[in-house]
Amino acid sequence: MPVSEIPDELTLKLNRDREGKRDVVTRRLMVGAIVVVLGLGLFNLFGQHPSTTVAEADAATLEVYAPERVRGGLFYEARFRIDARREVKEATLVLDPGWAEGITINTVEPGPIGEASRDGRLAFELGRIPAGRKHVFFLQLQVNPTNVGHRSQDVRLYDGEKLLAKIDRTITVFP
């Protein structure tokens with residue numbers, strides 16, 4: 001039975017004998033690099049695991065529980081907890097623009113009394129928090145896939161115009 005001719009695009013040297021092709025070591029190194037990146041992802045190097053940051057003041061303690069590293073497309077939650085040591089008459093949580101730049105805010109719970117902008121920052125008016133009580137505030141967020149890099153996500157707690165506590169934090173967004 002006759003065998004068909006070799007197609008014009010194929011040559012024996014290149015396609016059968018592998019001359020001029022990457023050697024086995026190079027291919028194994030490339031596969032190994034992919035496996036390392038996937039392994040680092042499994043050990044949470046690329047985000048989502050939340051961390052807790054706390055700022056203590058005389059009047060109140062502010063706690064933020066949110067991831068510091070996220071990936072594009074990820075849904076996640078941020079929790080803000082305020083423990084009032086003294087009465088906070090006009091509690092306002094002020095978030096840096098990094099909380100909304102390239103990140104979609106899906107839900108705010110419980111709904112704040114008011115929302116505003118303070119010098120380009122998000123301001124959520126939470127109202128009165130009696131001494132000895134706590135207020136827990138949640139944001140459900142999604143990272144936009146084109147948002148890559150570092151963003152400042154500082155959080156400030158005010159009583160009216162008086163700054164009570166501040167947390168400095170940064171989020172890193174991976175592709």
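These values consider heavy atoms only, across backbone and side chains, with no hydrogens, waters or symmetry-generated copies.
- Between G120 and P97, the closest heavy-atom pair is O-CG, 3.4 Å.
- F137 and Y158 fall into different hydrophobic clusters, where Ile, Leu, Val, Met, Phe, Trp and Tyr are joined by side-chain heavy atoms under 4.5 Å apart, directly or via other members.
- Between L62 atom CG and L164 atom CG the span is 9.5 Å, to the nearest 0.5 Å.
- Residues L157 and K162 have side chains not in contact (no heavy-atom distance under 4.5 Å, counting atoms from C-beta outward).
- Taken from CG in L74 to CZ in R69, the straight-line distance is 12.5 Å, to the nearest 0.5 Å.
- Two residues are said to be in side-chain contact when any heavy atoms from C-beta on lie closer than 4.5 Å; D96 and R156 meet this criterion.
- Of all heavy-atom pairs spanning G102 and N147, the tightest one is O-ND2, 3.0 Å.
- Heavy atoms only, all atoms of each residue included: T92 and A123 are closest at CG2-CB, 4.2 Å.
- A donor-acceptor distance shorter than 3.5 angstrom exists from the side chain of D159 to the backbone of E90, with no hydrogens or angles considered.
- Rounding to the nearest 0.5 Å places CG of D168 at 9.5 Å from OG1 of T53.
- The closest side-chain heavy-atom distance from R86 to V88 is not below 4.5 Å.
- The two residues Q140 and F138 have their closest heavy-atom pair at NE2-CB, 3.7 Å.
- Between E109 and R79, no side-chain nitrogen of the basic residue sits less than 4.0 Å from a carboxylate oxygen of the acidic one, so the salt-bridge criterion is not met.
- The nearest pair of heavy atoms linking A55 to K166 is CB-O, 3.4 Å.
- R169 places a side-chain N or O within donor-acceptor distance of the main-chain N or O of A66, the cut-off being under 3.5 Å.
- With 3.5 Å as the limit, one finds a donor-acceptor pair spanning the side chains of R85 and T61.
- When all heavy atoms of A91 and I129 are compared, the closest pair comes out as CB-CD1, 3.7 Å.
- Scanning for salt bridge (charged side-chain N to carboxylate O under 4.0 Å, His left out) contacts around E87 gives R128, with sequence neighbours left out.
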Criterion side chain to side chain contact (heavy atoms under 4.5 Å, CB included) on L139 and F80, from CA distance to verdict: CA-CA 8 Å; L139 293 178; F80 305 86; 3.7 Å; yes
Derivation of the side chain to side chain contact (heavy atoms under 4.5 Å, CB included) call for E68 and I171: CA-CA 5 Å; E68 294 177 338; I171 190 166; 5.6 Å; no
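- By the 4.5 Å heavy-atom criterion applied to side chains, Y65 and S51 are not counted as neighbours.
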Residues T52, V54; criterion side chain to side chain contact (heavy atoms under 4.5 Å, CB included); working and verdict: CA-CA 7 Å; T52 303; V54 178; 4.0 Å; yes
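- Considering CG of L122 and CD1 of I105, their distance stands at 5.0 Å, rounded to 0.5 Å.
- V148 is not listed as a side-chain neighbour of F174, based on a closest heavy-atom distance of 4.5 Å or more.
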Criterion side chain to side chain contact (heavy atoms under 4.5 Å, CB included) on V70 and H49, from CA distance to verdict: CA-CA 8 Å; V70 294; H49 183 73; over 6 Å; no
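- Ring pair W99/Y76: centre-to-centre distance not below 6.0 Å.
- A heavy-atom distance below 4.5 Å is found between the side chains of L93 and L126.
- Rounded to the nearest 0.5 Å, atoms CG (D83) and CZ (R81) are 4.0 Å apart.
- A salt bridge does not link R121 to D154: none of the charged nitrogens lies less than 4.0 Å from a carboxylate oxygen.
- Judged purely by distance below 3.5 Å, without hydrogens or angles, the side chains of H150 and T170 never pair a donor atom with an acceptor atom.
- Counting non-hydrogen atoms of other residues, nucleotides and ligands closer than 6.0 Å to CZ of R133 gives a total of 12 or fewer.
- Looking at V108 and F124, their side chains come closer than 4.5 Å, going by heavy atoms from C-beta outward.
- Side-chain contact between T104 and N144: present, with at least one pair of heavy atoms (C-beta onward) separated by less than 4.5 Å.
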